[in-house]
Amino acid sequence: MLEQLNEIEHNALSALQKVEEEQALESWRVSFLGRNSPLMRVFDGLRSLPNEERPQVGRRANEVKRALEEAYQQKLEAIRQAALQRALQSEQLDVTLPGRPLARGRLHPLNQTLRRIFAIFAEMGFQVYRSRDVESDEYNFQLLNFPPHHPAREMQDSFYLDLPHPPDNPILFRTHTSPGQIRAMREFAAQNPADPPPVRIVLPGMCARYEQITARSEIQFQQVEGLAVGKSITFSDLKGTLTDFAQRMFGKGVRSRFRASHFPFTEPSAEMDIECFVCGGAGCAVCKRSGWLEILGCGMVHPVVLENGGYDPTRYSGFAFGMGVERITMLRYGIEDIRYFYGNDLRFLEQFA
Amino acid sequence: MKVPVSWLKEFVDIPVPLEALAHELTMAGLEVEEIRYVGLPLPKASSQGGERQEIKISGLEWDPEKIVVGAIYEVNPHPNADRLVLCQLDDGQTVHTVLTGAPNLFPYKGKGALPKPIKVAYAKEGARIYDGHQPGQVLTTLKRAKIRGVDSYSMACSEKELGISDDHEGIIFLDDDAPVGMPLVDYMGDAVLDIAITPNIARAASIYGVAREVAAITGQSLRPPSLSVLMSGAPIAGRVSIQIQDPKLNPRFMLGLIEGVEIRPSPYQVQRRLRLAGMRPINNIVDATNYAMLELGEPLHAFDYDKLVKRAGGKPPLIITRPAQPGERLVTLDNIERTLDDFTVLVCDSAGPLSIAGVMGGAESEVDETTHNVLLEAATWNLINVRRTVFAQNLPSEAAYRFSRGVHPAMAERGLLRGLELMRQWSGGTVAEGIVDAYPKPIPAPQISITAGEVKRQLGISLTAEEIKAILERLEFHVLQEGETLAVQPPDHRLDIGEGVIGVADLMEEIARIYGYERIPTTRLADELPPQRTDPLREREDLVRDLLVNLGMQEVITYRMTSAEREARLPFVFEPPPEQVEPIRLKNPIATDRSILRQGLLVSLLEAAERNARLQPRLALFEIGSVYWRSVRELLPDEILRLGIVLCGQRALTGWQAGDMTPMDFYDLKGILESLFHGVHLEEVRILAAQHAAFHPGKCAEVYLGEQRVGCFGELHPLVKERFELPEAPVLAAELDLNPILTAIPDRYGVEAVPAYPPVLEDIAVIVDEEVPAEKVEQCIWSAGGKVLRAVHLFDVYRGEQIGSGKKSLAYSLTYQAPDRTLTDEEAAQVRNRIVRRLEQELGGKLRS
């Protein structure tokens with residue numbers, strides 16, 4: 001009997017070697033492990049064996065059964081693996097083909113720049129304050145200490161609107177965001193006229209000036225103005241705040257400088273330049289060889305403006321600055337023509353983020 | 001302001017290279033836009049290497065070896081050419097034969113040896129100069145050539161060839177005392193600083209004014225110009241008198257007299273300086289007025305005294321200053337007859353107007369070749385009147401440039417004395433003894449009190465009172481120190497320093513400028529933070545922007561200005577009421593197609609779509625921006641925030657696999673709006689079928705927020721679309737009134753727990769009449785479904801023979817779910833039956849088997 005078992009084992013294992021697919025394996029299983037297989041018949045015949053042979057044959061029969069079952073499992077696994085491999089190989093893609101294009105939306109580049117500007121100033125405590133586009137001469141000029149007949153007030157620089165108005169107060173599309181300074185200060189001062197709260201705001205907005213549309217000038221443009229008013233604000237704070245801004249906007253380590261300048265609503269006034277980040281100050285086409293890029297105008301708020309806003313210039317001081325959102329964007333991305341921004345050619349707009 | 005450096009150096013030493021000086025001036029608010037070299041050596045390339053040129057540099061340097069002072073002794077005809085001459089020219093070493101075509105030498109042709117040699121600028125072979133025959137400035141090197149059989153290797157130069165001016169009419173005749181053989185650069189090499197003068201630095205609109213700033217910035221001492229005049233003629237007193245009608249218009253008027261002048265060209269060095277400073281030399285008298293003006297900043301005007309006497313009938317003239325009568329006329333010295341406004345101030349005599357005060361002289365009384373006696377005016381004028389006159393007459397002039405920025409009355413005397421003495425030196429005339437001065441109300445100098453504490457408070461720098469005093473004194477302020485307080489009085493060449501807190505700010509600027517902006521430290525704000533505010537409308541506007549971007553839309557920003565014709569292409573989505581329907585026109589449009597403020601948003605967006613249509617298979621644009629309606633009650637117009645959307649073209653982008661390339665339709669736009677409202681949790685928005693002239697009558701809907709119509713959208717009406725250059729595919733457009741929408745967006749919204757028990761899913765298809773709107777069917781399902789109905793999703797709309805004409809089948813997948821238990825089959829069946837029954841009863845719907 002033991003020999004028969006050895007033979008069964010030998011036959012089964014050698015038959016298994018030839019099996020290569022799942023169906024043949026199943027036939028093999030039926031032949032060698034099925035109810036009518038020789039091995040099962042050995043088990044069936046155990047009871048008729050003499051007592052002394054029975055344990056030995058029984059042990060051996062169980063051994064053979066385990067061995068065949070194990071071989072079956074291994075074979076099954078091997079066949080499945082091979083089948084999977086074949087299936088996967090038949091599904092090979094050309095991964096260099098492009099992916100499915102998705103229509104993606106984007107913010108206008110000027111709004112992307114604005115958000116970045118807001119974010120930087122927000123972390124320094126400046127909150128956004130918005131004010132209207134169409135203004136009176138009073139807010140756009142008079143309250144900002146523009147003397148009468150200042151060249152900037154002449155017809156050719158501003159878009160005046162054909163609306164009824166008091167004799168000395170014509171209506172115009174604001175030429176800068178500075179009228180918002182007066183509106184903000186008046187709103188805040190009204191909360192506590194005897195001791196107005198400090199002001200720290202950025203004022204964005206669309207402005208318009210009478211200019212021929214060229215690569216460098218537009219009839220409409222967006223400005224961001226900044227205003228900080230309080231009881232201990234100095235020119236050195238102005239320099240520090242804007243230097244921090246420039247480094248965050250244009251890169252750590254970007255050098256900046258402040259040149260004396262003139263604006264009616266600030267005194268002392270300055271223009272801020274940053275060292276050209278394209279050439280590192282060595283001189284290139286972007287900075288027109290000067291090594292410097294003018295980025296904004298700024299200064300200490302003029303006492304007349306503070307007073308007009310409801311803040312006593314002997315107790316309060318402040319600084320203000322204004323920059324062109326188009327210019328900042330042009331500098332950041334090396335754009336040479338301002339007309340792209342309102343031309344709305346998607347081939348331009350789609351390049352942003 | 002163009003400042004020849006040779007002139008500047010008469011008043012102040014320049015201890016640093018010109019580029020360094022230009023940098024210092026620029027930092028202190030006198031922006032040097034360019035340094036133009038006119039002879040002096042150009043600076044060596046920057047030490048940093050590269051192309052850097054902080055201040056723009058241009059011009060020509062004169063080689064001291066090759067360009068020298070020469071003397072022409074004889075001018076002979078050219079043997080083969082009428083239009084050329086041959087000069088005998090001594091360059092200090094040799095006598096050369098120099099060939100030239102300069103017309104100003106022709107009068108001397110063939111006259112033999114000249115009684116007095118003509119001094120010229122002589123350029124030798126190899127000299128680098130500008131080509132006189134080419135437009136602009138083209139460098140050339142003098143080479144040996146044969147011209148009409150005569151050897152030519154050198155030349156006498158014109159101003160153009162040396163870069164002094166554009167003049168190439170003839171060669172330069174230098175002054176007689178020019179030393180022959182001297183390198184020209186040593187004799188008259190120069191450079192010109194071109195400085196932008198801001199209104200607060202109007203006092204520096206003169207050579208001496210700039211010199212004063214240079215002295216203050218560099219710490220050099222200042223050499224004032226001499227104001228002494230040799231007066232040896234009969235006294236002026238009694239020979240002319242002045243009457244000022246209004247000292248507010250004309251604070252001061254002064255006159256001097258010089259007799260026996262000979263009108264001739266000014267010395268060449270004077271002409272050269274005037275040219276470098278941007279003025280044209282005329283004759284010695286006019287040049288003296290301009291020279292004194294450029295030098296000191298006080299414009300002068302010269303009258304022919306004899307013409308005035310004649311006008312006065314032989315009597316001593318009376319000069320009257322007054323505003324013009326309305327409609328009064330005057331021929332100015334540009335020979336234009338001008339009609340004057342009542343804000344224009346005139347200088348008149350008893351016979352009528354003589355000149356426009358501070359702007360331009362009159363033709364009749366001007367100095368000409370026959371003039372012998374000159375009456376010289378130095379006055380000051382109200383800057384606003386001058387400004388308005390310049391603008392009204394479109395008549396800018398060097399005098400008006402200065403007067404319209406303010407000239408202190410004290411300057412009149414300095415200018416007058418300087419002008420008289422220059423005329424005397426250049427014309428051979430005799431200056432009458434004394435001057436006539438009318439200065440009815442001398443303007444007082446402001447007194448400003450300032451402390452070191454105030455400087456610290458505003459500038460953030462700690463200076464002692466002594467240091468502040470020293471800074472101000474460098475600018476000629478008068479400063480009295482009393483303990484810690486400084487009593488400051490501005491010098492009498494300045495009008496820009498105010499009183500009180502304004503004066504303090506004016507002084508702060510001067511202290512900061514001279515101390516140096518660069519030396520002021522950088523600090524971070526230490527001031528108290530203001531009360532913190534939230535601007536919910538701005539935050540929500542950004543939320544809307546972000547949602548639309550996430551939905552695949554490109555944001556654009558268009559012009560706020562348009563024209564009525566452009567806007568008329570699309571009926572207003574929001575029709576302004578009659579009292580606001582008139583657009584807001586620009587008084588001074590820059591172009592006819594930008595002549596009004598827009599009243600609607602969609603046309604701008606459709607124009608943006610037009611611009612891109614041919615290049616893009618898919619357009620999905622939006623804009624958030626203001627439109628403008630005239631206000632009924634307020635001074636300023638209504639600014640209304642709108643959202644516009646335009647869609648057109650294929651649904652998906654073109655790829656290499658089949659995508660959904662069918663054109664977008666009404667439901668794409670509706671889907672975007674639904675996603676938007678869902679995204680901002682505005683559940684109460686209703687979208688209702690509507691009719692609007694802009695849209696296809698069957699493909700148009702309105703958006704309602706409660707009872708308020710806040711938007712309208714649809715497929716553009718084919719007749720409207722024809723007015724735009726847009727592709728064939730349907731154009732979908734929406735315009736929404738954003739403010740009510742933003743206002744209604746909730747700050748917070750609730751979130752439900754994820755259900756713990758499984759849902760029962762079921763599909764039903766219901767057949768209804770075509771007229772029954774899908775919205776009704778869904779509403780009916782919802783109301784019948786009760787609490788356990790959690791979702792209704794339309795997944796198919798079918799029309800066809802199987803269900804008969806005039807019918808449609810709507811297939812929904814329904815989700816039933818209870819929060820506290822697993823629903824039994826019986827419960828689900830009950831809900832379903834309820835829904836089916838209700839659909840039958842209310843809408844005549846039949847379950848499709």
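Just so we're on the same page: letters track the sequence lines, and every chain starts at 1.
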Checklist entry - Under a 4.5 Å heavy-atom cut-off, does chain A meet the side chain of Ile201(B), its backbone, both or neither? => result neither
Checklist entry - If only atom types and distance count, is the side chain of Gln127(A) paired as donor or acceptor with the main-chain N or O of Asp535(B) below 3.5 Å? => result no
Item to check | Proximity breakdown for Asp244(A) and chain B, heavy-atom pairs closer than 4.5 Å | outcome: side chain
Checklist entry - Is there a donor-acceptor contact under 3.5 Å from the side chain of Asn344(A) to the main chain of Ala608(B)? => result no
Checklist entry - Looking at NE2 of His165(A) and CG of Leu635(B), how far apart are the two atoms once the value is rounded to the nearest 0.5 Å? => result 9.0 Å
Checklist entry - If you count heavy-atom pairs under 4.5 Å with chain B, which of Met300(A), Met206(A), Glu307(A) comes out on top? => result Met206(A)
Checklist entry - Just wondering, do Gln657(B) and Arg100(A) contact through their side chains at under 4.5 Å, heavy atoms? => result yes
Item to check | Side-chain heavy atoms of Tyr628(B) within contact of Asp133(A), under 4.5 Å | outcome: yes
Next on the checklist: Classify the ring geometry of Tyr342(A) against Tyr559(B): parallel below 30°, tilted from 30° to 60°, perpendicular beyond 60°.
Outcome noted: tilted
Checklist entry - Looking at Gly343(A), Ala260(A), Gly240(A), Pro303(A), which makes the most heavy-atom pairs under 4.5 Å with chain B? => result Ala260(A)
Item to check | Whether Glu555(B) side chain and Leu107(A) backbone form a donor-acceptor pair below 3.5 Å | outcome: no
Checklist outcome for this item: Separation between CZ (Phe263(A)) and CG (Asn200(B)), nearest 0.5 Å, reads 10.0 Å
Next on the checklist: I'd like to verify something: which residue of Gln222(A), Glu218(A), Lys288(A) has the highest number of heavy-atom pairs under 4.5 Å with chain B?
Outcome noted: Glu218(A)
Item to check | Matching residue for Thr234(A) among Thr523(B), Asp527(B), Leu459(B), Leu525(B) - test: side chain to side chain contact (heavy atoms under 4.5 Å, CB included) | outcome: Thr523(B)
Checklist entry - Is it true that Arg257(A) and Glu54(B) make a salt bridge, defined as a side-chain N closer than 4.0 Å to a carboxylate O? => result yes
Checklist entry - Would a 4.5 Å heavy-atom cut-off, applied to side chains only, mark Arg132(A) and Pro637(B) as touching? => result yes
Checklist entry - Can a salt bridge be assigned to the pair Asp546(B) and Arg115(A) using a cut-off of 4.0 Å between side-chain N and carboxylate O? => result yes
Next on the checklist: Please rank Thr241(A), Leu110(A), Val134(A) by heavy-atom pairs under 4.5 Å with chain B and give me the top one.
Outcome noted: Val134(A)
Item to check | Among Glu518(B), Lys56(B), Glu454(B), Lys456(B), residue most engaged with chain A (heavy-atom pairs, under 4.5 Å) | outcome: Glu518(B)
Checklist entry - Should the pair Asp237(A)-Arg524(B) be classified as a salt bridge under the 4.0 Å nitrogen-to-oxygen rule? => result no
